Number of protein chains: 4
Amino acid sequence: MQNRETKRNEKYEKILEAAIKIFSKHGYYKATISQIAREAGVADGTIYLYFKNKDDILKSFFTYRTREVFAKFKDEVKKGKNALDKLRRLIHAHLTAFEKSREMAIVYQVECKKRSHLSKDKIKEMSNMYMELVKEIIQLGQKEGTIRKDLSIPLVRQLMVGAIDEVITTWVYTSKKYSLSSMTDPLMDLIVKGIGNDKEK
Amino acid sequence: MQNRETKRNEKYEKILEAAIKIFSKHGYYKATISQIAREAGVADGTIYLYFKNKDDILKSFFTYRTREVFAKFKDEVKKGKNALDKLRRLIHAHLTAFEKSREMAIVYQVECKKRSHLSKDKIKEMSNMYMELVKEIIQLGQKEGTIRKDLSIPLVRQLMVGAIDEVITTWVYTSKKYSLSSMTDPLMDLIVKGIGNDKEK
Amino acid sequence: MQNRETKRNEKYEKILEAAIKIFSKHGYYKATISQIAREAGVADGTIYLYFKNKDDILKSFFTYRTREVFAKFKDEVKKGKNALDKLRRLIHAHLTAFEKSREMAIVYQVECKKRSHLSKDKIKEMSNMYMELVKEIIQLGQKEGTIRKDLSIPLVRQLMVGAIDEVITTWVYTSKKYSLSSMTDPLMDLIVKGIGNDKEK
Amino acid sequence: MQNRETKRNEKYEKILEAAIKIFSKHGYYKATISQIAREAGVADGTIYLYFKNKDDILKSFFTYRTREVFAKFKDEVKKGKNALDKLRRLIHAHLTAFEKSREMAIVYQVECKKRSHLSKDKIKEMSNMYMELVKEIIQLGQKEGTIRKDLSIPLVRQLMVGAIDEVITTWVYTSKKYSLSSMTDPLMDLIVKGIGNDKEK
DNA sequence: GATGAATGAGTTTTCATTCAT
DNA sequence: AATGAATGAAAACTCATTCAT
């Protein structure tokens, strides 16, 4: 038999999942508590037993997802044998994280990623966490000789995050005719080699 | 003396500008018609003489800006002497367009870019317009031998748009201590050469 | 023709009167904005054009009434020829003020008088204003020799206000079979002479 | 060992006391069942084993207190040797009853005394009980010759109750720098002799 | 008896939109 | 054309009360 705590968590997650579904369909502002409650199969008031208010649902999702996702990212980078392997694993993990749930991806990209509900500090913190991963990879690659020496780490982070996000966004707005993770290698190739032609160098 | 049309446009633009200012400060949903009216120096009801409803203001801004911005993009690409020059001009024009007004950049990035108020068609249309520019540049470069032959044009578009957007977003959330257009060359360099080290090839 | 300002005030007072009616019938907490709006013949939202919130309606009434009532009290006291005449006029004005509207009396006695919605400062201020009136009367009477020398002014205020309030409250809960102002002389007599028998002194 | 009834009463009183504390702090309407339950150290649902509903808590308190207090009042009046002694004992008992607990005094004055939760019948009943005490004292005093013959008993009740209540209310809103029962003699003096000067008679 | 999670009716408040002036 | 007071639908949130455990 389940103990009380387990049941508590179950309902918490049920509401969170319902909220993500509704947020992804209507956007944060047009989504109503009643819709979320109905989707979760609970009464409106029940939501307030688990979340302070509407905003708290979104923030909770964000915190929850970020923790989960970054743990995975760090783990994958650690597993990589060399800089390029680490890089590939990071890109792959990033794409895979969002591939699992289109709804989650939409909410994350639209409502969380782009400020509004997140404090500047939260955004900066996340940006810094990603930067650390990038830094580790680049510095290793520079030692190995596989990565250029003249790089701005913040800019590389911007290139990577920006490109990956756009790939995700495009996939989200497309009818998902291809797998998101299948974009790993093409994207990796582009980020590593650039679009220029070196043959003549 | 001004003719009627000119006067009409004056007020139309005054409201549009006020709206952008307010949207950028509070976000689309928290912004109220009254705030916009006050900022524009008109009565609440007057806004409805120029716009169908609140949503129409945002859509109008988007259409207006997109037209303006893409005209500039096309123009710059046309002026470029060769593929890389065209590319550099596109990136520079893109960054400069958003540098002029932080407020505009915020609204564009947060409210327009990321769906919500825009139809899928609008987004696809914009994506396609950008794709055309990228295609033109890449195909020229491939003829010239300055750009790799094995490229997916949609992916290159995603890399470019994603990276540029992230650079803009980072700049927006920073205290603007550097000029956005100064990022043109570093970004260009990264996009063209990638982060990999070729010396040993 | 009425000017805009006049019309504004008209609606303000219409809402205030409706509120008093509803508050007196159901009490502050059970009264709803919708009931007040219906009674005033306006839409719910209109109330918020004139009052910050529900609480503000009650506070406004209190401020409004207090100012009005105390102006009258002062005026009457000023008109009195001597201490006992002044006293009689004060008691009479006090009773008359509440006689005009049973509804007003209920709200005043129940919701305002007895804290809850009023700051301690407001209550103290009111208490002090009354005290000033009492002080003036007593000091004059002491000079005239019509009032005892050994009196605590605060206590006299408490005796008077308490007794008058209780007379009003009793009247309010009775079916108003007598006029409130007819209680002036009996009350005055009791306050001045006390219940004791002096004949034997 | 305690019997069932005793245990029942223990919890019943614990809840009643907790309720008074919470009511006095937040007022009846703003006080929540949860707050009362927490204060009493029981679960929310438990309260409904002892009281029909929220209103019933207040009514029970009132009934309970009234019974207790009037028993004391009657007892004291009975003990008095003569009219004035009885009167002094009544005033003293009245003040002392409220001195014991500031919280109780607040709830009694604000929530009970002034209708809202009490039926007109309850109020009248209470008023009549007090009237009986006053009547007894006055009629005795009139026989003794210590009290005026020309008195309206209801009005004397109003004078007394009103004055005492106001003394209590003032004390409650003050920081209790003096003892409430110390007001017995000054108040008694005022009620018996009035504020007028008899020396010249 | 005791618990406390769940309920959902009921309330305040906001604000896009309308329309008489 | 311009105004801005009035509208009322819609939404977030609260909390007394219930009932399965």
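All values below come from the heavy atoms of this structure, side chains included, with hydrogens, waters and symmetry mates left out. Owing to the predicted nature of the structure, the values given are computational and were not obtained by experimental measurement.
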Restricting to salt bridge (Lys or Arg N to Asp or Glu O under 4.0 Å), what partner residues turn up for [X], sequence neighbours left out?
X: Glu103(A); answer: none
X: Glu125(C); answer: none
X: Lys21(D); answer: Glu39(D)

Readout for nucleotides 7-14 of chain E: B = base within 4.0 Å of protein heavy atom, S = sugar-phosphate only, - = neither; 5' to 3' it is BB--SSBB
Check this one for me: any side-chain N or O of Tyr50(B) less than 4.0 Å away from OP1 or OP2 of dA2(F)?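 Checking Tyr50(B) against dA2(F): at least one side-chain N or O falls below 4.0 Å of OP1 or OP2.
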Per-residue pairing states of DNA chain F in dot-bracket (Watson-Crick or G-U under 3.5 Å; . unpaired, | other strand) read .||||||||||||||||||||
Return the CZ to CZ distance between Phe61(A) and Phe23(A), rounded to the nearest 0.5 Å.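 CZ of Phe23(A) is found 9.5 Å from CZ of Phe61(A).
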d([atom1], [X]; [atom2], [N]) in whole Å:
X: Asn9(D); N: dG1(E); atom1: CG; atom2: P; answer: 12 Å
X: Gln35(D); N: dG4(E); atom1: CD; atom2: C1'; answer: 16 Å
X: Ile22(A); N: dA11(F); atom1: CD1; atom2: P; answer: 13 Å
X: Ile57(B); N: dA16(E); atom1: CD1; atom2: C1'; answer: 10 Å
X: Glu10(A); N: dA5(E); atom1: CD; atom2: P; answer: 15 Å
X: His26(A); N: dA12(F); atom1: NE2; atom2: P; answer: 13 Å
X: Phe51(D); N: dG1(E); atom1: CZ; atom2: P; answer: 13 Å
X: Arg38(D); N: dC15(F); atom1: CZ; atom2: P; answer: 12 Å

Could I get the full list of side chain to side chain donor-acceptor pair (under 3.5 Å) partners for Ser34(C), not counting sequence neighbours?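 Ser34(C): side chain to side chain donor-acceptor pair (under 3.5 Å) contacts with Asp44(C).
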For Asp56(C), side chain to side chain contact (heavy atoms under 4.5 Å, CB included) partners two or more places apart: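 Per chain and number, Asp56(C) pairs via side chain to side chain contact (heavy atoms under 4.5 Å, CB included) with Phe51(C), Lys52(C), Asn53(C), Ser60(C).
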Give a yes or no answer on whether the side chain of Lys54(B) reaches the backbone of Ala31(B) with a donor-acceptor pair at less than 3.5 Å.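 The answer is yes, because a donor-acceptor pair under 3.5 Å joins these two groups.
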Are side-chain heavy atoms of Tyr50(C) and Leu16(C) found at a separation under 4.5 Å?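 Not in contact.
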So, for Gln35(C) and His26(C), which heavy atoms are closest and what is the spacing to 0.1 Å?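 Answer, listing the atom of Gln35(C) first, then His26(C): NE2-CE1, 3.7 Å.
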